[in-house]
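First the structure, in the form of structure tokens, and then the observations on it.
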Amino acid sequence: MIGWLKSNWRVALLAIFILLAGLALFSPALDSGEDTLGNESEQASTFTNLRFGLDLAGGTRIRAPLIGLTVDNVEFGGETTQQVETDVAGQLPDTDTTDVIARQATEQGESNTVEVVNPNITETQFATAMDDAGYEYDEIASGVTDATRQEAINVLEGKINQAGLSGGTVQEFQSSGDILIEVPGQDRQDVIELIEDRGNVRVDIYYQNDSGEYTTERAVLTREDFQSISTASQGQDGRQPNVPVTVRPESAPEFRQVAVDTGLAPGGSRCTYNQDPENTEPCLLLVVDGEVVNAFGMDPGLGASIQSGDWERDSSFILTTTSFDEAQRVAINLRAGALPAQLDVLGGTTSYISPTQGDNFRTYSLIIGVLSVLSVAGVVFARYREPKVALPMILTAFSEVVILLGFAAYLGYPLDLAVIAGFIAVIGTGVDDLIIIADEVMSEGEVNSQRVFDSRFRRAFWVIGVAAATTIIAMSPLAALPLGNLRGFAIFTILGVLVGVLITRPAYGDILRYLVTDR
């Protein structure tokens with residue numbers, strides 16, 4: 001047995017990879033079919049651990065630009081980026097510093113930039129604001145910087161993950177700079193509601209000042225002030241839906257002081273902001289993207305704890321909302337962060353593939369895959385008319401697909417039509433390489449010794465290796481660039497070539513040597 005393994009270790013290696021692929025495909029321990037909310041993933045395969053992309057599972061695809069205006073080569077004149085943002089925002093109507101992004105050049109060849117992401121600001125207003133703030137700059141351009149776009153991609157990925165939408169992807173559409181979002185198994189409106197808002201969440205205090213006028217202390221708590229953010233709670237024992245949070249120790253004293261100064265503590269407050277905003281005790285306002293989504297008072301016990309300073313020991317806090325859906329929205333936005341700029345969903349394109357259509361695509365893909373294998377099998381048998389040569393060739397080529405499916409299942413890579421096309425290409429190129437091996441070995445007459453076989457096999461493998469290198473070089477740009485579905489096609493074509501050259505082709509050589517030589 002040991003002697004056989006030494007001389008046929010390539011076949012043993014192929015068997016090991018097939019076994020590992022089978023475990024990745026069918027083992028329940030490796031199944032990630034549940035999303036982060038504990039619901040069954042809609043794009044998971046019923047019998048395997050495979051995940052299906054938009055084409056094969058149905059779902060929503062959204063391509064949209066980020067709203068913004070940008071100027072390059074800005075002369076900051078020694079001012080910090082925070083000061084630049086404050087100066088420019090102060091010259092624009094209904095704009096605060098969250099709508100202005102100043103970036104200082106960090107590498108040679110870059111320039112200082114200022115972006116305005118308020119969708120209501122025109123180029124003329126932006127130019128006037130820059131002039132009035134005293135900053136020199138180049139021409140104004142529509143769109144945002146690459147750094148802002150990458151930050152938006154990271155936040156959108158966080159939102160999709162926090163919402164439990166497993167299998168969703170976010171990437172830059174290279175040719176236009178748009179953001180491409182694909183979420184399998186989800187309705188279009190649900191995805192739009194998740195991503196269309198920037199998600200700026202803050203807590204304000206609404207109170208009556210010493211002059212008797214109602215005013216607002218803005219942003220007494222923001223996302224940066226929270227140390228931990230729990231998931232949304234339905235609310236029990238008469239409580240409203242809420243999001244429990246913990247305030248950072250360094251932020252707690254400042255919030256405590258503001259709460260005392262505005263009258264929220266020590267006795268607590270009863271808020272009637274929604275019913276009578278001009279006749280209410282101090283209120284905490286939960287604000288999302290400038291819209292007050294809930295107003296609530298403070299429990300007297302919590303107020304007394306804040307007043308005494310005991311609250312600072314754990315600094316826990318509860319943000320209440322009017323509905324559980326709103327609580328989930330707040331929790332997702334706080335945990336994922338706010339978008340640096342708003343997506344122009346209306347100015348982009350959206351598409352939806354129904355789950356039924358996705359099921360049809362899966363069925364057709366399976367049929368096409370089976371037909372391709374049968375077609376290849378027919379051609380091979382017609383070419384050689386020797387089962388001992390043709391049958392191992394077909395089984396070896398099929399094993400490549402099994403190993404690639406195992407990779408896809410292990411990585412959780414969603415299969416789509418482009419990936420299926422890559423599998424079919426792998427079958428074709430794989431059998432082509434195996435035919436080269438068989439022809440080279442058998443075309444020059446009988447193989448009467450292992451030395452003759454090895455000499456002919458090496459010549460064939462040299463041709464295969466050069467062809468594989470050419471394919472990998474040609475496909476590498478498609479795999480590296482964010483080109484949508486083409487990337488999946490390129491990745492699995494390259495994986496198929498590597499699996500073939502490193503595992504299946506050598507294994508077929510050992511099998512063929514065993515069958516055609518006298519051993």
Side-chain angles (χ1 to χ4, degrees), residues 32 34-39 41-43 51 53-54 57 59-68 98-99 101 117 119 144 147-173 177-202 222-224 226 228-233 241-245 286-291 293 319 321 323-352 412 414 482:
S32 57
E34 289 192 354
D35 60 35
T36 56
L37 296 182
N39 300 319
S41 176
E42 292 186 20
Q43 71 271 16
R51 298 289 167 265
L54 200 67
T60 298
R61 177 184 287 115
I62 297 174
R63 175 184 165 187
L66 292 168
I67 299 175
T98 61
D99 292 325
I101 305 171
V117 295
V144 298
T148 298
R149 191 177 296 108
Q150 187 57 53
E151 182 181 341
I153 289 173
N154 294 337
V155 172
L156 288 168
E157 288 176 342
K159 284 191 174 188
I160 289 173
N161 291 333
Q162 291 296 331
L165 306 183
S166 59
T169 59
V170 184
Q171 57 188 314
E172 179 183 352
F173 201 82
D178 292 352
I179 305 296
L180 180 63
I181 303 163
E182 295 183 339
V183 186
Q186 297 298 320
D187 183 78
R188 172 166 38 195
Q189 189 57 39
D190 292 339
V191 178
I192 290 176
E193 289 178 358
L194 176 67
I195 66 166
E196 67 177 344
D197 296 329
R198 289 182 61 187
N200 275 315
V201 179
R202 70 173 193 266
T222 63
R223 179 178 183 268
E224 289 70 24
F226 297 127
S228 65
I229 302 160
S230 301
T231 56
S233 172
N242 58 78
V243 180
V245 297
L286 183 58
V287 183
V288 179
D289 290 334
E291 176 187 356
V293 299
L319 305 176
T321 63
S323 68
F324 181 65
D325 287 343
E326 191 63 57
Q328 284 187 310
R329 176 189 173 198
V330 169
I332 289 171
N333 287 332
L334 283 176
R335 293 164 75 91
L339 284 170
Q342 185 177 345
L343 277 170
D344 186 10
V345 177
L346 294 178
T349 59
T350 63
S351 59
Y352 174 70

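Computed over heavy atoms, backbone and side chain alike; hydrogens, waters and symmetry mates excluded. No experiment lies behind these values; they were computed from the predicted model shown.
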Is any side-chain heavy atom of [X] less than 4.5 Å from a side-chain heavy atom of [Y]?
{"X": "Leu286", "Y": "Val330", "answer": "yes"}
{"X": "Pro340", "Y": "Val144", "answer": "no"}
{"X": "Lys159", "Y": "Asn333", "answer": "yes"}
{"X": "Val201", "Y": "Phe226", "answer": "no"}
{"X": "Gln162", "Y": "Leu334", "answer": "no"}
{"X": "Asn154", "Y": "Glu157", "answer": "yes"}
{"X": "Arg61", "Y": "Leu180", "answer": "yes"}

Looking at every non-hydrogen atom in both residues, tell me the closest pair between [X] and [Y] and how far apart they are.
{"X": "Ala331", "Y": "Ser230", "answer": "CB-O, 4.1 Å"}
{"X": "Gly59", "Y": "Leu54", "answer": "C-CD1, 3.1 Å"}
{"X": "Ala336", "Y": "Gly158", "answer": "CB-C, 3.6 Å"}
{"X": "Pro184", "Y": "Ala57", "answer": "CB-CB, 4.3 Å"}
{"X": "Asp187", "Y": "Gln189", "answer": "OD2-N, 3.0 Å"}

For [X], which of [options] qualifies under side-chain contact (heavy atoms from CB on, under 4.5 Å)?
{"X": "Ile160", "options": "Thr169, Val155, Val191, Val170", "result": "Val170"}
{"X": "Leu343", "options": "Asp197, Ile192, Ile179", "result": "Ile179"}
{"X": "Asp289", "options": "Glu196, Arg202, Arg198", "result": "Arg198"}

Do side-chain atoms of [X] reach the backbone of [Y] as a donor and acceptor pair under 3.5 angstrom?
{"X": "Thr60", "Y": "Val183", "answer": "no"}
{"X": "Thr321", "Y": "Pro241", "answer": "yes"}
{"X": "Arg223", "Y": "Arg335", "answer": "yes"}

Exercise for review: Drop me the distance from Gln328's CD to Glu326's CD, to the nearest 0.5 angstrom.
Suggested key: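 Here the rounded value is 10.5 Å.
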
First locate atom CD1 of Ile195, then atom CD1 of Ile181, and finally report the distance between them rounded to the nearest 0.5 Å.
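That separation rounds to 3.5 Å.
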
